[in-house]
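Computed over heavy atoms, backbone and side chain alike; hydrogens, waters and symmetry mates excluded.
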Amino acid sequence: MELQSYYISLTGGDCDKRVDDSFIAVNCAGACVLKQPFVTDNPRGREDYYLQYLVNGEMELSNGGDTRVMRAGDVIFYFPHTHYNYSGDSSTRYYWAHFSGSEAASLLTRCGIENSTIYSVGLHDRLTSGFERLFADFISHDQYFELSLAQTLIKLCVDIARFKSNPDAALQGTDDRIDRVIARIHRSFDRELTVSELAAAEFISVGRLRTLFRERCGISPQKYIAALRINTAKQLLEQPGMTIAEVARSVGIPDALYFSRLFRQHTGLTPSEYRAMNLTE
């Protein structure tokens with residue numbers, strides 16, 4: 001991690017500004033890496049929103065006699081005109097971004113993010129990659145970079161909200177593994193796919209995978225795979241060129257009779273009945 005700063009204007013100028021003519025506008029972003037202790041005190045705050053994600057060391061936050069400590073894996077948002085005062089030392093490392101826009105307040109409300117609140121979200125590649133993506137957007141500076149910045153910032157806030165709402169997963173780092181399991185299911189559901197295979201790919205036990213998967217999705221991996229197969233089969237049955245047996249094989253169920261029973265369990269209809277009701281001429 002290196003000291004970096006990126007600004008909306010290549011020619012400089014004030015990046016501390018309120019923006020109302022864009023839904024989300026990222027004014028500037030960067031990474032703070034200093035070789036000596038530092039103190040930042042801004043009694044008036046800024047015109048825009050200020051996001052910090054601490055990835056190493058600690059920072060002490062002081063405001064009106066109230067002292068708090070941010071630790072690695074913590075994130076905080078300062079809303080416009082909020083006094084912020086923080087200090088760190090040579091081990092402190094954090095990513096930061098300033099943003100505004102007509103929908104900025106709504107975005108943070110929907111993400112359940114409050115002013116000056118420290119959230120323990122954990123250390124995640126997805127979050128650091130989000131900031132690095134912001135940097136790449138600034139560097140590109142093409143005709144679409146402001147739209148890309150907005151998209152990246154929204155995704156970053158949503159990821160923070162997800163980790164914030166599931167602190168156990170954030171602390172244990174389980175979320176990335178379940179993400180990969182879900183992605184593997186969507187890539188491979190059209191063939192035989194076992195929970196043992198999914199667990200082995202992430203070097204965790206079958207029991208642990210079932211627990212983490214249910215915490216994330218609310219259902220077991222087997223039920224998730226079955227639901228995905230049935231939903232895909234519905235789309236295929238709406239196409240007149242495939243037989244029911246071909247549809248079954250296409251979603252990873254070589255036994256057409258078993259496919260029909262499973263389909264009826266999920267939909268209340270046989271595949272033939274579903275096709276008759278939904279086939280468009």
Do the non-hydrogen side-chain atoms of Ser100 and Arg46 ever get within less than 4.5 Å of each other? no

Return yes if some donor-acceptor pair links the side-chain N/O of Ser106 with the main-chain N/O of Glu103 below 3.5 Å, else return no. no

Of Tyr78, Tyr94, Phe131, which is the lone residue that meets side-chain contact (heavy atoms from CB on, under 4.5 Å) with Leu51? Phe131

Could you state the interatomic distance from CD1 (Ile244) to CZ (Arg249), rounded to the nearest 0.5 Å? 12.0 Å

Quick check: closest heavy atoms across Tyr49 and Ala105, and the distance to 0.1 Å? OH-CB, 3.4 Å

Separation between CZ of Phe99 and OG1 of Thr152, rounded to the nearest 0.5 Å: 13.0 Å

Residue pair Ile185 / Leu193: nearest heavy atoms and the distance that separates them: CA-CD2, 3.9 Å

Do you reckon Val69 sits in the same ILVMFWY cluster as Tyr84, going by side-chain contacts under 4.5 Å, direct or chained? no

Would you call Arg71-Glu58 a salt bridge at under 4.0 Å N-O? yes

Take atom CZ in Arg68; do more than 12 heavy atoms of anything else shown fall under 6.0 Å from it? yes

Is any side-chain heavy atom of Gln52 less than 4.5 Å from a side-chain heavy atom of Leu61? no

If we only count heavy atoms from C-beta on, is the His83 to Asp41 side-chain gap below 4.5 Å? yes

Indicate the atoms forming the closest heavy-atom contact of Ser102 with Asp20, along with that distance. CB-O, 3.7 Å

Verdict with reasoning, Phe145 to Ile139, per side chain to side chain contact (heavy atoms under 4.5 Å, CB included): CA-CA 9 Å; Phe145 90 105; Ile139 291 170; over 6 Å; no

Got a sec: does the CZ of Arg191 have more than 12 other heavy atoms crowding it under 6.0 Å? yes

Please check if the number of heavy atoms outside Gln151 that lie under 6.0 Å from its CD is greater than 12. no

Would you confirm whether Asn27, through its side chain, and Cys15, through its main-chain N or O, come within 3.5 Å as a donor-acceptor pair? yes

Is it true that a side-chain atom of Lys164 and a backbone atom of Gly112 form a donor plus acceptor pair closer than 3.5 Å? yes

Side chain to side chain donor-acceptor pair (under 3.5 Å) evaluation trace for Glu132 with Tyr95: CA-CA 9 Å; Glu132 297 292 342; Tyr95 288 96; 2.9 Å; yes

To the closest 0.5 Å, what do you measure between NZ (Lys155) and CG (Leu153)? 12.5 Å

Can you give me the closest heavy-atom contact between Ala199 and Leu209, atom names plus distance? N-CD2, 3.6 Å

Drop me the distance from Leu262's CG to Leu257's CG, to the nearest 0.5 angstrom. 12.5 Å

Between Leu236, Asp190, Ile230, which is the residue that forms a side-chain contact (heavy atoms from CB on, under 4.5 Å) with Val251? Leu236

Search all heavy atoms of Met59 against all heavy atoms of Tyr86 and return the closest pair with its distance. SD-CD1, 3.7 Å

Could you tell me whether Glu192 atom CD has more than 12 heavy atoms of other residues or ligands within 6.0 Å of it? no

Is there side-chain contact between Phe213 and Leu198, with at least one heavy-atom pair below 4.5 Å? no

Using modelled atom types and a 3.5 Å cut-off, is there a donor and acceptor pairing between side-chain atoms of Arg275 and backbone atoms of Gln239? yes

Tell me, do Ile24 and Val19 make a side-chain contact under 4.5 Å, heavy atoms counted? no

Once rounded to the nearest 0.5 Å, what's the spacing between atom CG of Leu127 and atom CG of Asp159? 6.0 Å

Using the side-chain contact (heavy atoms from CB on, under 4.5 Å) definition, which of the options Asp74, Ile160, Ile113, Ile76 pairs with Tyr119? Ile113

Please work out whether the ring planes of His98 and Tyr50 are parallel, tilted or perpendicular, with thresholds of 30° and 60°. tilted

Which is it for Phe138 and Ser5 under the side chain to side chain contact (heavy atoms under 4.5 Å, CB included) test, yes or no, and what are the steps along the way? CA-CA 10 Å; Phe138 275 113; Ser5 298; over 6 Å; no

To the nearest 0.5 Å, atom CZ of Arg133 lies from atom OG of Ser140 at 7.0 Å

Does some side-chain heavy atom of Ser196 sit less than 4.5 Å from a side-chain heavy atom of Val206? yes

Do Leu237 and Tyr258 belong together in a cluster built from hydrophobic side chains that touch within less than 4.5 Å? yes

Quick one, Thr270 with Ser260, criterion side chain to side chain contact (heavy atoms under 4.5 Å, CB included). Give me CA distance, side-chain angles, the key distance, then yes/no. CA-CA 6 Å; Thr270 67; Ser260 295; 5.7 Å; no

Could you check if a side-chain atom of Arg229 sits within less than 4.5 angstrom of a side-chain atom of Phe259, using non-hydrogen atoms only? no

If the condition is side chain to side chain donor-acceptor pair (under 3.5 Å), which residues does Lys223 pass it with, not counting sequence neighbours? none

Are the side chains of Leu156 and Leu134 in touch, meaning some heavy atoms are under 4.5 Å apart? yes

Co-membership, hydrophobic cluster, residues Ile8 and Tyr144, 4.5 Å side-chain: no

Starting from the C-alpha separation in whole Å, work towards a yes-or-no answer on side chain to side chain contact (heavy atoms under 4.5 Å, CB included) for Phe203 and Arg177. CA-CA 9 Å; Phe203 303 100; Arg177 290 181 291 180; over 6 Å; no

Can we call the ring centroids of Tyr224 and His186 under 6.0 Å apart? yes

Distance-minimising heavy-atom pair for Arg93 and Leu34: NH1-O, 3.9 Å

